[in-house]
Every structure is written in C-alpha cells, then in structure tokens.
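Below is one structure, written out as structure tokens; comments come after it.
The structure displayed is predicted, hence computed values, not measured ones. Convention: sequence-line order gives letters A, B, ...; per-chain numbering from 1.
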There are 4 protein chains.
Amino acid sequence: MPDHDDLMIGEFPFLPKQERAQQKRNALLESGQTLFISKGYEQTTAKEIAAHAGVATGTFYRYFSDKRQLLMSLLEDKLDKLLPPEPNWVSCDPVSLLSSLLEAHNKRLNELGIQRVLPELVLKDPSVAEFLGEARRKIHSRILLGLKQAEEKGLTWEDLDLETVSWAILVIVENGHGKEGQTGKRADFQEISKVICRMVFPPDVLQQLQNADETNNRNNS
Amino acid sequence: MPDHDDLMIGEFPFLPKQERAQQKRNALLESGQTLFISKGYEQTTAKEIAAHAGVATGTFYRYFSDKRQLLMSLLEDKLDKLLPPEPNWVSCDPVSLLSSLLEAHNKRLNELGIQRVLPELVLKDPSVAEFLGEARRKIHSRILLGLKQAEEKGLTWEDLDLETVSWAILVIVENGHGKEGQTGKRADFQEISKVICRMVFPPDVLQQLQNADETNNRNNS
Amino acid sequence: MPDHDDLMIGEFPFLPKQERAQQKRNALLESGQTLFISKGYEQTTAKEIAAHAGVATGTFYRYFSDKRQLLMSLLEDKLDKLLPPEPNWVSCDPVSLLSSLLEAHNKRLNELGIQRVLPELVLKDPSVAEFLGEARRKIHSRILLGLKQAEEKGLTWEDLDLETVSWAILVIVENGHGKEGQTGKRADFQEISKVICRMVFPPDVLQQLQNADETNNRNNS
Amino acid sequence: MPDHDDLMIGEFPFLPKQERAQQKRNALLESGQTLFISKGYEQTTAKEIAAHAGVATGTFYRYFSDKRQLLMSLLEDKLDKLLPPEPNWVSCDPVSLLSSLLEAHNKRLNELGIQRVLPELVLKDPSVAEFLGEARRKIHSRILLGLKQAEEKGLTWEDLDLETVSWAILVIVENGHGKEGQTGKRADFQEISKVICRMVFPPDVLQQLQNADETNNRNNS
DNA sequence: GATGAATGAGATTTCATTCAT
DNA sequence: GATGAATGAAATCTCATTCAT
C-alpha cells in the first residue's frame, strides 16, 4: 500500500478519511487487476487480493460485496481505455494515422492487461458477456461510421461491404496486442495499418491521400 | 450405466473389455466437452462429468488422472479439427474457395465449441498456453506458406508483408465464428473472403483468377 | 461412530449401503440433538456436529443442506413425541389417569430435550414458529375435545369456560418438565393432576368418578 | 445523534457531561432491547445496535464491555417489571382482583417484550439461566406466601398442595401473554382468574369473598 | 474394475472488538 | 470522548480426490 504522505517529512501523515478509504479501495482494485491478469479470475481468491493490497480479508468486503463486484468495478473504470480510438480517415495519411492509433491503443491495452481475463468471464457470467458485447457493438459502430464517411466521399473501394470490413478491422484491432507473443514476431503497426488501408481504399486513392497529407505537412512547416 | 450384457449368460459380451473401457473414456470425454463448453472449465466438477457420462465419480479417476488431464486429452483429440484448412490460392477462384473453406471451418468450430474454454485456461495453465501457441504457430505458418507460393507466382500485391497479412487472416479466421452474436449480423463468408482476397491480391489478378476458374469450370462440364 | 458389527467376530462387517448411510444420518441427527440441547442452536456449529458424530465436515452436508434442515428433520422425527397424549376423562379415576399420563409425557420430554431449543428458534425462524404454533393448536384442540365430552355428560363445573381451561391445562402440561429445576422441587404429578382436575370437575363428581373407578378395578381383579 | 448544543457558544450545554453519557447509554439500551426483541439476541449485531441508537460502533464499547453485558444491564433494569404483582387474596373479590392484576402484568410484559429473548439465552449463558431462575423463585415464593395466608384463614380447599398450586399459577401467569397468538383467541383475563380461583378456593368461600367485597364497595360509596 | 460415500483442505463471508485519527 | 475503518478469527459450504466395499 503506497502512501506518499509518509515521504513528506514535516507534514502530518493525514488524509481525510474519505481519501484514505479511496486509497484502500484503489489498492484493492489494483491488486485485483494484477492478480486477475497474472493468475486468472477463478484462480485468484479474495484473501489473496486483500493480502496483496496489504489489508485484512474483511477489509475486502468493506469495499466490494465480492470478487465479482470488484471485477465489474474494474471493467467500468477501465472500459473507456479498452475502446480503441475512432479514426478520422480523411484528413491525413490514413496509414500513419492508423499506425499511431494502433500503437497507442496497443500500449494502453498492454498496460491495462485486464482484457486477458475477459474471455474467461464471458462463459461464467452472462452479465459480463452482455457488458462486453455492448462495448464491442459500440466500437463496431464507431468504425462503421468512419467508413461510411469515407465511402460517401467516394474514397473507398466501390463494392465495399462496410459491415464486414468494419468487423474485420475490429477483430484485427482487438487482437493486435497478442500478435507478438503468439506468432513470435513483434507487432508491426505500420504493416497492419497498410493491410487495413488496403481493405478500405484502392491504391490510387490511398496514394492521393498520402500526397495530400505530405503537402499539408510541408505547408504547415 | 445399465448394461444388459451382464445378464445374458452364455453370450460373449458384445465388446471386448478394452473396447468397453474405451467407450467409457469416450463418454467421459464427450461429457467433459459438453459441460466445459456450456458452463466453463472451473464451473464444471468432476462429479458432474461422471454423472453426465453415466458412470460413478470414482470411475472418472480411473480414466483420467484429473480434470486437467481430461481437458488435455480433449485438446489433443480435437486439435486437428481446430486447425483451419490450408488454402490453395492458385487453382481456382480464391474468393469462393476461401468462402467455402471458411464456412466449413466455422461449422466445425461451432460443432466443437471447445475453443470457447481455451481463454479461461491459458492463464491458469501455462502448458495449455504453450499448447495453443504451438497450434497457432502451425496454422500461421500454413497460411504463410500458401501466401508465399502465391507471391512467387507474382499474384499478390507487390509490397505485401506476408507475415502481417497471414497474421491478419489468422485473426479473422479465428474470430469469424463469433461475428454474428457480437455484432448482430450473421457471418457472411462471401464478404469476409472478399476482404481477405483484397488484402492479398490486386483487383486485376483477382479478376484474372476468377476468369480462369470460370473457364476451368466450363471445360470440366 | 459405534459399529456393533465390529463386535461380531466371524461375521463380515457388512451393512448394505443404505443402512450404513442411514446410520450416519442418524448419528448426525443424534449429535445435533445432543449439542443443540446442551449448547443451544446458534452456539452449535456444523463442524462440531460432524465431529461429535465421528464424521468429516463435508459429510454433514451430504445428509443435510445445512444446520437448519437438520433441526427441521429432528422436529419432524420427534414431533409426535412432543405432543402430550389425549386424556380420556370418563372411563376411570381422572386424577391417577392424568398423573400417569403426565409422568409419561414428562419422561419423554426429558429424554428428548429438544423442546429446550425451540424458543430460541421461534424468533430467528418464522417457519419454526409456524410449525410449533400448528402443533400447539393441535394439542389444544385435543384437550378441548376431551373437555367437551366431559361437559356433555354433565361432569364439569357448570360455568366452565372450556377454552380457557384447556389453555391452562396446555400451559401446565407444557411447563411441567421444568418445575423441578426452576423451583427447586421435584415435579409431583399426583398433585398437579389434582389441581387440574379441580379446575374441571366439582368435588362430588370427582369423588364419584374415583369411586366408580375403584369398583371397576375390584370387579376386574 | 445530531447535537445542536455544540453550536451554541456561550451557553452551558444543557446537560452535564455525565447526563449526556447517560442518554447515550440509555439509547443503546433501548436499541438493544428493540432489536433483541424483533430479531433475537444472536441475530442482532453490536454495529446494528449502535447504528439504531445513532452512535458509532466504537461508542458501544465505551458503555458496555460487550453485547452480553448490555443484555444483562437490560435484565437488571427491567427485572422488577417482569415480576408479577403479589396478590392479596383476602381483602376483596379475588376474581376481579386477579383479573386486573393479570391484565396489568400482561400489558407490562407486552410493552417490555424482553422475556421473548430469554429462552435463547438460558442455554447460551448459564448466568442468565441463574438470573432467571432466581427471579422465578422469587415470584414463586411471593405467590406461595399469599396462598399460605389464605390457607391460614381457612379460605382454601382443605387438601390444597400449596407448592403445586403456586407453581401452576406461576406457569399460567408467565404464559398468559402468549395465549392469543397461539390458540387464536384473545386472552380472557376474567376467565383465567376464575380458573385460578377455582384451584384455590372452594365455591362457597369464593362466593362469600365476593359478597363481602360487594358489601365493602357499597359501604365505601 | 466400478462404485459413490467420505474426506478435509480451502474459499467465501460475517462480525465482535480494537485503535488510529 | 467519539468515530468508524480495519482486523482476523471463526463459521459456512464446496469439491477434487481417495478408498473401503
């Protein structure tokens, strides 16, 4: 349980009660996250979480009604960080834009790690499944919307099935974080972006967008 | 499990002992699979599996050292069915080829269902993780090989990063089965195939392959 | 866990499964009863009951879903023994009849002991309260019925309120077992019976009944 | 417990400290009583009592060493109210005297309610049992004393066993409060009194006492 | 081999009591 | 004195695994 006040010599190690309680709650949340990620949800006990957070078993139940609720709190806290950002396809070079978005999203996911427990929970707890499904639908419709705007401007392949492409993008984005560990090679966001862009834009449009972007940059500097 | 054979004095039991034991083992495997899929691995007890298979709890432990080993046996038995087939890109219309392969693979996955428990186990049991990683690497290299052959024949985009594309295909294939439930629309294998082909082949090559295919079919008939 | 078979040398120490299980169930019931009576319901833990019955904690839960259910089983098993017998006022000397009934009932209660925990449970568990109330109503109406028959024969005090008297008798009978411990004197069933009879019969009727009884006895011998 | 006095600068707090402490103690006692009666002793937690009394959990332990001690204080405070009044059999109509005494006692018991938890505690805490036994003995000897005076004046049945009758009266009085709920009819104190009087006095004596009472009343008015 | 009752370690959860603030 | 968060012992209950029959 880190307590920064301890380091401030000359001050009373005083925190208003609410804040201290918040600290403890957070310590429990963090410990829960850490242990869930490293051992899985079922393999982690409430006692362990409490011990890891440096509090007694009973304290766990002051802040959370049970393990499940701690997890749900974690999910709610972190949901926005799990969602990939919404790309704006038009204004600049789509490949490098996507690449940096992917890299940032990937970094966030790896820092978070919580997504690794989710598949375990989908089977055991329908409400988690519901929760995740909702989130996925949200992301999917975001991606779909971006694609639609690009399509309206005549930038995409002519016979593009937006539903399917946006779903494919979703899947690629969601699984990007795992590329390295499972195929032995570090994720190459630049290449992934190229693949995605190729699904969306014909080569000439892509070239055009990239040229416009370069011009843009030259004018700006 | 009532066994009327015991009552037929003077007849040979219809199955030699070893085979009857095999039957029990298989019943347990099937029950394990069914229950793991519907309730998750941790939520399924050895007693339940035994009861579902129509044998006594203790019998479970005659055939499997524990729950984990039953699962590993399941995985080994079914692994080949989890692997998607290796596409041969050259000989026919890639889109319809892929489409039918995807559909067949998807059907197998849904019949199997076992893949749904795997994420739960990856964290709990490193050997499962190892096992799965191995399988994925195998599939990945199959896909990669197919792509390489296409590339050597000059069929693919010029600047194609084969590693990345094959990884993207892997991800799409692996997640294809879940498309429907999660985005509200039934999986459309035709469209998915088109997307994948667009990642791999330039439009003119694709057209050419499809024409060749049609010619082929006409000649054949 | 007493096992009488151990003492039968030369016999197989064999009991059919059901009987053995019954034995264990009974051992648990008895242990529950003993401990509930000596320590109270709340003060007795499932673990203790199991240990006292010579079985493991888990075995307790094989036979009873929880402590409460064991108690309810006890109550159902013993309810008929808790009910006082129905007196037949007419056929013989009411005082000695009542006296022997009271003594027998009292002996049964003391052997049983379970009634001592009931008050504790009435507050905690409304279903126990309901259960007991039902039993009391049954006894009460039995007593009332006996009184009515006596009244119809013109044997009782003229202005007798049957409801009230039967209630008073119920209360006296129910509390008879506790007389000794709480007032320092052994229960004197003969005297209690006299008191009850005085509530019901005028002295002359009582005398008459007793005389008739004596005549009866003389004729019988 | 909001306390506006703290805000009135320059005024003496309305209550000296000790008295305010007394108030808290009393609030705790009352809350304990209320909750014990409605939920039972074991089912009531110290935290609940404190919350109900409007003080912090810790404050509970400033005034009482533990839950048990709060209960004992309750008992000591209320014991005199639990004791039924001592009847004076001679000076007036015993039936109506008893009737009004019974009614008053019954009302007190119902207001108090604490007697309902006692059975739960007798088994758990021998000192409570001791305490209650002492109280019962006290009441019993009071009743016995009254009967003896009546006997000395030759008012009672000739062969009356005073011990037994006084015990029977005690039991009836103690259980009177529960008559209604358990037999479906409201307690009828007049009838109960008649029953008790019939146990004690022969009809002619009773008549005589009632006549004397009427004469008394006529003379007084 | 088969059975399923028995085991007991371990997870979840509660609550009387303490103690830093 | 008052507070209420924290404690941790203890109760309830589950289930993988064993073993007598």
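Here the C1' atom of nucleotide E/dC15 and the NZ atom of D/K39 are 12 Å apart, to the nearest Å. Put simply, CZ on B/R62 is 15 Å from P on E/dG4, counting in whole angstrom units. Atoms CD1 (D/I49) and P (F/dG4) sit 17 Å apart, rounded to a whole Å. Regarding B/R25, its CZ atom lies at a distance of 18 Å from the C1' atom of E/dA2, rounded to whole Å. Summarising the geometry, the separation between CG on A/L70 and C1' on E/dT13 is reported as 15 Å, rounded to the nearest angstrom. Following rounding to the nearest Å, D/F60 (CZ) and E/dC19 (C1') show an atom-to-atom distance of 17 Å. The CG atom of A/L35 sits 13 Å away from the P atom of E/dA11 (whole-angstrom rounding). Between A/Q23 atom CD and F/dA6 atom C1' there is a gap of 15 Å when expressed in whole angstrom units.
The closest side-chain heavy-atom distance from A/L71 to A/F64 is not below 4.5 Å.
Within 6.0 Å of the CD atom in C/E30, the count of heavy atoms belonging to other residues, nucleotides or ligands does not exceed 12.
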Working for side chain to side chain contact (heavy atoms under 4.5 Å, CB included), residues C/L112 and C/Q33: CA-CA 8 Å; C/L112 212 56; C/Q33 183 179 352; 4.0 Å; yes
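Contact between the side-chain N/O atoms of D/K24 and the OP1/OP2 oxygens of F/dA2 is found at a separation under 4.0 Å.
Both distances falling under 3.5 Å, in either a Watson-Crick or a G-U wobble arrangement, place E/dG8 opposite F/dC15. Applying the Watson-Crick and G-U wobble criteria (two distances, each under 3.5 Å), F/dA20 pairs with E/dT3.
Comparing F/dG4, F/dA2, F/dT7 by their nearest atom to the side chain of A/A56 picks out F/dT7.
Sorted by first and then second residue, the pairs that involve residues 50-64 of chain B and meet side-chain hydrogen bond (donor to acceptor under 3.5 Å, both in side chains), not counting sequence neighbours, are B/S31-B/H52.
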Close N/O contacts between protein and nucleotides 14-16 of chain F (under 3.5 Å):
unit_1, atom_1, unit_2, atom_2, d
F/dA16, OP2, B/A46, N, 3.0

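A donor-acceptor pair is defined here as one N or O able to donate and one able to accept, closer than 3.5 Å; such a pair exists between the side chain of B/E120 and the backbone of B/Y41. Between the side chain of A/E48 and the backbone N or O of A/L35 there is no donor-acceptor pair closer than 3.5 Å.
Looking at residues two or more places apart in sequence or on another chain, you find a side chain to side chain donor-acceptor pair (under 3.5 Å) between B/Q43 and A/E42.
B/Y63 comes within contact range of the sugar-phosphate backbone alone, with a heavy-atom separation under 4.0 Å but no base atom that close.
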